[in-house]
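In each ligand, atom 1 is the first atom listed, and ligand 1 is the first ligand listed.
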Amino acid sequence: MIEKVLLSGYTKNGGKGVYSADFNSDNGELTTPKALVELNGPTYIDVTNDMKLIALAKKDDRGGIVVYDISGDEPKLLDEDYSESTSPSYVKFDPSRNLIFSAYFHLSKVKIDHLTADGKIEHYSEVKFEGHGPRVEQDQSKPHFSALTPDGKLIICDYGADRIYIYDIDNPKEPKLMNNYIAPSGYAPRHLVFHPTKPFVYVACELSSKVLVMQYDAETARLTLVDEAEAAKDEQKNTTAAIRISKDGKFLYASTRGADTITTFSVDPNGDRIKKLSTTATGNGPRDFDLDPSEKYVIAANQDSNDLSILKRNPNKGILTNLDNNVAIPECTCVHFI
Ligand SMILES: O=C1O[C@H](COP(=O)(O)O)[C@@H](O)[C@H](O)[C@H]1O
């Protein structure tokens with residue numbers, strides 16, 4: 001089966017922006033990534049069901065988001081909004097309400113925009129944050145991630161202030177804060193993933209290299225810490241980055257830069273406990289990774305070794321094996337199967 005994968009990242013050292021490649025999930029082979037849309041620093045992207053690419057990007061000394069139609073032979077620019085002093089660090093599309101959430105790590109805020117049917121960006125609202133944490137990197141609020149809870153609330157990881165915020169966005173022009181979870185001091189919650197069926201969420205904490213397991217109460221939007229495990233040793237060089245869960249909810253994966261590994265955890269059938277099973281070496285700086293749609297493989301974006309690792313996944317045991325057939329791509333930070 002041939003699966004299309006988009007890859008994007010920095011453009012400081014040879015990277016061109018957003019690339020596309022074909023992945024063969026029968027044999028684990030990936031074609032050489034080809035530049036699809038040339039942009040300045042699209043470190044994160046999302047794609048709508050009708051094949052609109054949403055990317056964060058910079059232009060001159062401004063930053064924001066852009067929308068391209070990538071359904072045809074040639075990508076077509078639909079809209080761009082470079083109204084901020086720098087780009088966000090993360091973008092997520094909400095297909096049920098056509099909303100775009102962008103987390104401005106460097107500007108301590110998350111913006112909510114509406115994507116019109118013809119691909120125009122319509123600004124709705126923004127939420128601003130304050131605070132800081134004990135570590136030198138946590139000098140101010142730094143929202144690193146914004147996405148949806150399974151019941152459609154906006155959830156935000158604030159790396160700088162050790163917080164996780166949950167907003168009611170029934171009226172996305174006026175988000176209402178429902179809960180504000182205080183993570184352990186200095187952990188720097190970066191990204192999170194929900195269990196596919198159980199009310200639990202797993203949070204990758206960049207500066208402690210820990211994974212937190214939290215129960216999510218949809219009624220009150222309350223998060224309760226129920227378990228914690230180590231993705232890698234809590235050492236200065238280690239920064240845990242991306243987190244994914246298998247569709248059956250049995251295995252959880254977290255990447256750590258510095259250690260340069262993806263750690264596999266088994267998830268208890270209730271979803272409330274995780275257990276480290278193994279760590280698998282990647283290339284240098286695995287900032288992002290994803291399971292391919294067949295879940296037989298994982299592709300990791302090694303930002304610092306300028307390549308992708310392809311890992312074979314055992315669907316029953318969850319364990320990953322690095323196939324040692326890396327594919328070159330400069331400064332890649334995002335892997336997105338479509
Ligand atoms: O994961 C990380 O992300 C932040 C934000 O990235 P940016 O490209 O938007 O600045 C980055 O500053 C940090 O070094 C990195 O570990």
- Query: Near R257, which atoms of ligand 1 are under 4.0 Å from a heavy atom of that residue?
  - Reply: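 Atoms satisfying the 4.0 Å criterion: 1 (O), 2 (C), 15 (C), 16 (O).
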- Proximal atoms of ligand 1 relative to E206 (non-hydrogen, under 4.0 Å):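 It comes down to these atoms of ligand 1: 1 (O), 16 (O).
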- Should R190 and S89 count as side-chain neighbours, where that means a heavy-atom distance under 4.5 Å?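 Contact flag for R190/S89 side chains = no.
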- pair D304-D260: side-chain heavy atoms closer than 4.5 Å: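 Result no, sub-4.5 Å side-chain heavy-atom pair not found.
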- Task: Would you please indicate if the ring centroids of Y124 and H114 are separated by under 6.0 Å?
- Result: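 Ring centroids of Y124 and H114 are less than 6.0 Å from each other.
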For [atom], find the nearest protein heavy atom and state the residue, atom name and distance (0.1 Å precision).
atom                    : value
atom 12 (O) of ligand 1 : F105 CE2, 3.7 Å
atom 5 (C) of ligand 1  : S89 OG, 3.6 Å
atom 6 (O) of ligand 1  : R287 NH2, 3.3 Å
atom 8 (O) of ligand 1  : Y10 OH, 2.3 Å

- State whether the number of non-hydrogen atoms from other residues, nucleotides or ligands found under 6.0 Å of K16 atom NZ is greater than 12.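 Open: at most 12 neighbouring heavy atoms sit under 6.0 Å from NZ of K16.
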- Task: Count the heavy atoms of every other residue, nucleotide or ligand shown that sit under 6.0 Å from NZ of K312, and state whether that count exceeds 12.
- Result: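 Enclosed: over 12 neighbouring heavy atoms sit under 6.0 Å from NZ of K312.
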- Would you mind finding which of R190, H191, H144, H106 brings a heavy atom closest to atom 4 (C) of ligand 1?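 Shortest heavy-atom distance from atom 4 (C) of ligand 1: H144.
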- Item | Row check, Y104 ring normal vs K109 NZ/CZ: under 6.0 Å, within 45° |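 Yes, K109 sits over the ring of Y104.
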- Task: Would you give the length of the straight line joining atom CG of L148 to atom CZ of F101, rounded to the nearest 0.5 angstrom?
- Result: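 Rounded to the nearest 0.5 Å, the CG-CZ separation comes to 4.5 Å.
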- Message: Is atom 14 (O) of ligand 1 near the protein, in the sense that some protein heavy atom lies at less than 4.0 Å from it?
- Response: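 No, there is none.
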- Query: Does ligand 1 have any atom that is closer than 4.0 Å to a heavy atom of Y159?
  - Reply: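 For ligand 1, residue contact (heavy atoms, under 4.0 Å) with Y159 is absent.
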